[in-house]
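Being a predicted model, the structure only gives us computed values, none of them experimental. As a basis for the values below, the full set of heavy atoms in this structure was taken, side chains included, without hydrogen atoms, waters or symmetry mates.
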Amino acid sequence: MSTVWNEGYFTDVGYTYGYYREINPVFQRFCLLLRGFAAPDAAQQQHCELGFGQGVSINIHAAASPDSFVGTDFNPAHAAHANQLAAVSGSGARLFDDSFEQLLARTDLPQFDSISLHGIWTWVSRDNQKIIAEFARRHLKPGGLLYISYNCFPGWSPAYPLRQLFALHDRFTPGATGTVQRVEAAMKFSGDLLAAQPNYLKAVPHLPDRLKKIMEQNRHYLAHEYFNREWNCMYFTDVVDALAPAKLDFACTAAPLDAVESVNLSTAAQAFLAGIAHPILREQARDYFVNQQFRRDIYVRGATRLPPALRRQQLLQTRFVLLQHAADVPLKVTAAAGDATLQEAVYRPLLEVLASNHYAPKTLRELAAALPALQEAQVLEALTVLVGTNAAVPCQSEVAARHVHKRCDALNRHLMERAQFSSEVETLASSVLGGGVPVHRFQQLFLLARTQGRKTPQEWAQHVWRILEAQGQRIVKEGKTLETVDDNLAELTRQADEFAEKGLPQLRALQVA
């Protein structure tokens, strides 16, 4: 394959079909508001995604939002798939297969309220990083935000040589041709090297465990993650410097749980960081305390702090909705400081209120009023934890949601029909969220059965079984393949009953079902 257009990026296989909530403008605005920063507030906003992969995220956002979206991914197969989804939903998203340099040269682009790039920065050349910064300088509005994620030090420092081993083996050892074979060969080489006990293991004794975890991941994902020519891991301050020419100020992370320091930092760490006056130095020092290896950051072109009263008012007006059945939300959270047990006296009542009225979205003001025994700050912190663990999510305005039902329905119907043949896309569009909600393959097929007039879980299960049987597929449960018709139908019926009880209430509230 030619290396002219791919610039050393791994293009032998397509990227995965994942959905990333951090790219959702609704979620980005909440992250800024949570930390007290003003977000773009234009009624009809313009958004751009650089390197959209298979285009799942950008198409879900374009379908579920009244805003306008532009994006590029230089892999033409990705762009073709993304444009197919855009045509299905009728969102009007403009999706190109331009390189970043070609996109920069275009003269038909608007000024954007947000520019997002997820999992791009580390895997492109330094020249392309400069082009991205220049693109933001030219096309991001004053007050607009840039979302960027990347691998970082110090967390990657011990395992960085593993990536080097993978790439060097793939470069210098001929033989394996297929993607999976190339990945497997590099993994085996690295495992054999570590088994021979190099002195480096004395400094990093947990490296074999790290390799073992890597080897458990999807091979196509690993190819894109580790086998590109470019792999530029950076410190947080390096990225701050790289984006400075675009007049971008670091505002906050797109990880709400970071705002709850008690689950991330010890008392001594909090005290130490509180003594650092400069925000950039403080943020870089924090990475050492949490051993950060992947950052999700939001920068703003001219960051503006909201007056506390205005921040509170906007937070009180923000709607939230559960993504999980209330009884299934764990009262434990794992963060940088380890596992933390959440207070039942706070979280159980909050979850009950969020589940009331058939899980309908509720504003922070409504939630606080329904929980008089809790302080407003307690309710907000608990919501922040629930959003941080993806048990709950902020919603877009009801006015915005009303405009996009038909687009979401069209895209979701297409994805549910695709689920008959694959489990590639396990996210559907929600007009309530302005974004995506996780719905796995069988759940999508249960929903599809409902749209075809099948009313009971038993009928849904039979519908799914006919699809699986026609393709010679069987259910794998707890690592074992279910061979008989009765066993498969029993498991599908169990899942359908559970979906009817626990899944449908959320999806109805999210206007997906």
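- In this structure, Asp486 has no side-chain hydrogen bond (donor to acceptor under 3.5 Å, both in side chains) partners at least two apart in sequence or on a different chain.
- Geometrically, Arg295 does not engage Trp156 in a cation-pi contact defined by less than 6.0 Å to the ring centre and at most 45° from the axis.
- Residues satisfying the side chain to side chain contact (heavy atoms under 4.5 Å, CB included) test with Asn264, not counting sequence neighbours, are Asp258, Glu261, Arg286, Ala335, Ala336.
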Counting only pairs under 3.5 Å, give me each side-chain donor-acceptor contact of residues 298-307, with atom names and distances, residues two or more places apart or in other chains.
from   : atom 1 : to     : atom 2 : distance (Å)
Arg301 : NH1    : Arg137 : O      : 2.7
Arg301 : NH1    : Leu140 : O      : 2.7
Arg301 : NH2    : Arg137 : O      : 3.2
Thr304 : OG1    : Gly302 : O      : 3.4
Arg305 : NH1    : Arg35  : O      : 2.5

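- With no hydrogens or angles considered, a side-chain donor-acceptor pair links Ser431 and Gln511 at under 3.5 Å.
- Applying the side chain to side chain contact (heavy atoms under 4.5 Å, CB included) rule to Lys141 yields the partners Gln111, Asp113; only residues at least two apart in sequence or on another chain are considered.
- With no hydrogens or angles considered, no side-chain donor-acceptor pair links Asn151 and Thr122 at under 3.5 Å.
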Compile the donor-acceptor pairs under 3.5 Å between side chains in residues 23-30 and protein atoms, sequence neighbours left out, one pair per line.
from  : atom 1 : to     : atom 2 : distance (Å)
Asn24 : OD1    : Val26  : N      : 3.0
Asn24 : ND2    : Leu433 : O      : 3.4
Asn24 : ND2    : Gly434 : O      : 3.4
Gln28 : NE2    : Glu22  : O      : 3.0
Gln28 : NE2    : Ser116 : OG     : 2.9
Arg29 : NH1    : Gln45  : OE1    : 3.3

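- In this structure Phe442 satisfies the ring-ring contact (aromatic ring centres under 6.0 Å, His included) test with no other residue, sequence neighbours excluded.
- Remark: the Thr237 side chain and the Gln284 side chain contain an N/O donor-acceptor pair separated by less than 3.5 Å.
- With sequence neighbours excluded, no residue forms a salt bridge (charged side-chain N to carboxylate O under 4.0 Å, His left out) with Lys406.
- For Asp73, the salt bridge (charged side-chain N to carboxylate O under 4.0 Å, His left out) criterion is met by no residue, not counting sequence neighbours.
- Taking a cutoff of 4.0 Å between a charged side-chain nitrogen and a carboxylate oxygen, Glu424 and Arg418 qualify as a salt bridge.
- Contacts of Arg282 classified as salt bridge (charged side-chain N to carboxylate O under 4.0 Å, His left out), with partners at least two apart in sequence or in another chain: none.
- Residues forming a side chain to side chain contact (heavy atoms under 4.5 Å, CB included) with Gln462 (at least two apart in sequence, or on another chain): Arg466, Leu489.
- Applying the salt bridge (charged side-chain N to carboxylate O under 4.0 Å, His left out) test to Glu417 and every residue at least two apart in sequence or in another chain returns Arg413.
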Taking distance alone, no hydrogens or angles, what donor-acceptor pairs closer than 3.5 Å link side-chain atoms of residues 320-333 to residues at least two apart or in another chain?
from   : atom 1 : to     : atom 2 : distance (Å)
His325 : ND1    : Ala327 : N      : 3.4
Asp328 : OD1    : Lys502 : NZ     : 3.2
Asp328 : OD2    : Lys502 : NZ     : 3.2

